[in-house]
Amino acid sequence: YTSYANTHSALQPRAKPAILRVIEVRPSGRLILQGRCGRTTDRHMSQCAPCHMPGIDTSIDLSQADKSAETACESCNSVTSTQQNPILLCDYFDAGWHIQCLDPALAALPQGDWLCPRCVSDGITAAQLQSAIAQRNTQQAHDAAPNMFPDKAMRQRDTTASQLHGRLVKQNFVDPSTQKMRPFWGKVHYMGEQRRPHYFDVHFEDGDVYQYTMAEVKKHVQPPGAVLPAGTTLPGHTAVAGQTTSA
């Protein structure tokens, strides 16, 4: 096990609090590291420090996965996901892989549940996959339960979420008419703190409405003042003299 070495300032602690398990040491000196949430990352050994803490819990707890972070491809470590080469998430512990980084590469996103090469190599079974999905759904339902006594951090998240009301988002979906991926525009509707963490309904140009968390909205939100492409219309969104206004 190892924890990240702190390389930012001599005034900070020598190591960050995250403790990660070393699952592979590569000849280049890079370490493949895994957190308790099951996600993996890689760092050079010069950026890590040995961890000598006793009694480390070695079990995997999928509910601890950080959904707010952008998922990087496990092969190339890039977070860029494009229409031609989207990042495909493993349904077991949310590791991401570009479809063109897989061996063999995929021509399109697969339908249904998908296990990444590492999970297949580790022998993850269909029963384990369904158990992980059920555990994740249970955690999401728990997170969505109303909190009658929000702390300061939660109130700040509520305020930040409310400020995203009316913003435009753009996200790639499969166009039913062509069966190909293309960007769809949508508008964010903040539904109130009682909906945390799924604060938002996002209304897309084709009439579909999805419930999004703040992390999901931030991943696709467009800069303030973004303008809809010519010919694109959204419910409650009116173009005025080359600008857009939100109802």
Side-chain angles (χ1 to χ4, degrees), residues 1 18-24 32-42 56-79 81 83 85-147 171-176 179 181 184 191 195-202 204 208-220:
Y1 289 79
I19 299 175
L20 306 175
R21 180 164 62 103
V22 179
I23 60 176
E24 182 182 346
I32 305 302
L33 308 172
Q34 183 180 50
R36 193 173 174 221
C37 65
R39 286 185 172 178
T40 59
T41 184
D42 74 287
I56 297 176
D57 187 349
T58 62
S59 62
I60 297 297
D61 184 357
L62 301 176
S63 67
Q64 294 193 11
D66 181 6
K67 305 300 181 183
S68 64
E70 288 187 313
T71 301
C73 173
E74 294 288 317
S75 177
C76 69
N77 208 36
S78 169
V79 298
S81 181
Q83 180 176 344
N85 192 25
I87 289 180
L88 175 61
L89 294 182
C90 174
D91 287 297
Y92 185 68
F93 65 86
D94 288 341
W97 300 74
H98 284 114
I99 61 173
Q100 294 179 10
C101 287
L102 294 167
D103 185 16
L106 299 180
L109 294 171
Q111 299 296 318
D113 299 330
W114 179 78
L115 285 174
C116 69
R118 185 170 291 123
C119 286
V120 173
S121 176
D122 289 345
I124 300 301
T125 65
Q128 288 175 302
L129 172 60
Q130 295 307 314
S131 176
I133 293 174
Q135 179 182 353
R136 196 153 50 231
N137 291 340
T138 299
Q139 183 63 38
Q140 290 175 351
H142 177 270
D143 291 342
N147 189 327
Q171 184 174 356
N172 288 334
F173 293 104
V174 175
D175 189 331
Q179 293 302 309
M181 296 283 287
F184 282 77
M191 305 305 294
R195 278 273 300 271
R196 72 169 75 93
H198 297 86
Y199 290 105
F200 310 100
D201 283 349
V202 179
F204 284 93
D208 285 348
V209 179
Y210 296 99
Q211 292 187 7
Y212 277 15
T213 64
M214 185 154 55
E216 290 168 328
V217 167
K218 286 185 174 181
K219 187 173 183 179
H220 303 288

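- The two residues Asp91 and Asp113 have their closest heavy-atom pair at OD2-CA, 3.1 Å.
- Nearest heavy atoms, Gly123 versus Gln128: O-OE1, 3.7 Å.
- Note that CZ of Phe204 is 9.5 Å distant from CZ of Phe184, once rounded to the nearest 0.5 Å.
- Taken from OG1 in Thr213 to CZ in Arg196, the straight-line distance is 14.0 Å, to the nearest 0.5 Å.
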> Taking it one step at a time, do Cys116 and Glu74 satisfy side chain to side chain contact (heavy atoms under 4.5 Å, CB included)?
Replying inline: CA-CA 10 Å; Cys116 69; Glu74 294 288 317; over 6 Å; no
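- The CG atom of Asp122 sits 7.5 Å away from the CD1 atom of Ile23 when rounded to the nearest 0.5 Å.
- With values rounded to the nearest 0.5 angstrom, Met191 atom CE is found 13.5 Å from His198 atom NE2.
- In this structure, Asn172 and Pro86 have side chains that are not in contact, with every pair of non-hydrogen atoms separated by 4.5 Å or more.
- Considering every non-hydrogen atom in both Gly96 and Leu89, the closest pair reads CA-CD2, 3.9 Å.
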>> Set out, in order, the CA-CA distance, both residues' side-chain angles and the distance that settles side chain to side chain contact (heavy atoms under 4.5 Å, CB included) for Ser75 and Trp97, then state yes or no.
In response: CA-CA 7 Å; Ser75 177; Trp97 300 74; 4.2 Å; yes
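- The two residues Leu115 and Ile124 have their closest heavy-atom pair at CD1-O, 3.8 Å.
- Trp114 and Leu102 make their closest contact through CZ2-CD1, 3.8 Å (heavy atoms, listed as atom of the first residue, atom of the second, distance).
- In this structure, OG on Ser78 lies 9.0 Å from CG on Asn85, to the nearest 0.5 angstrom.
- The minimum heavy-atom distance between Arg195 and Gln211, with the atom names listed, is NH2-CG, 3.2 Å.
- Counting only heavy atoms from C-beta outward, the side chains of Leu88 and Pro110 approach each other to under 4.5 Å.
- Screening Lys218, Gln171, Lys219 against Tyr212 for a side-chain hydrogen bond (donor to acceptor under 3.5 Å, both in side chains) leaves a single residue, Gln171.
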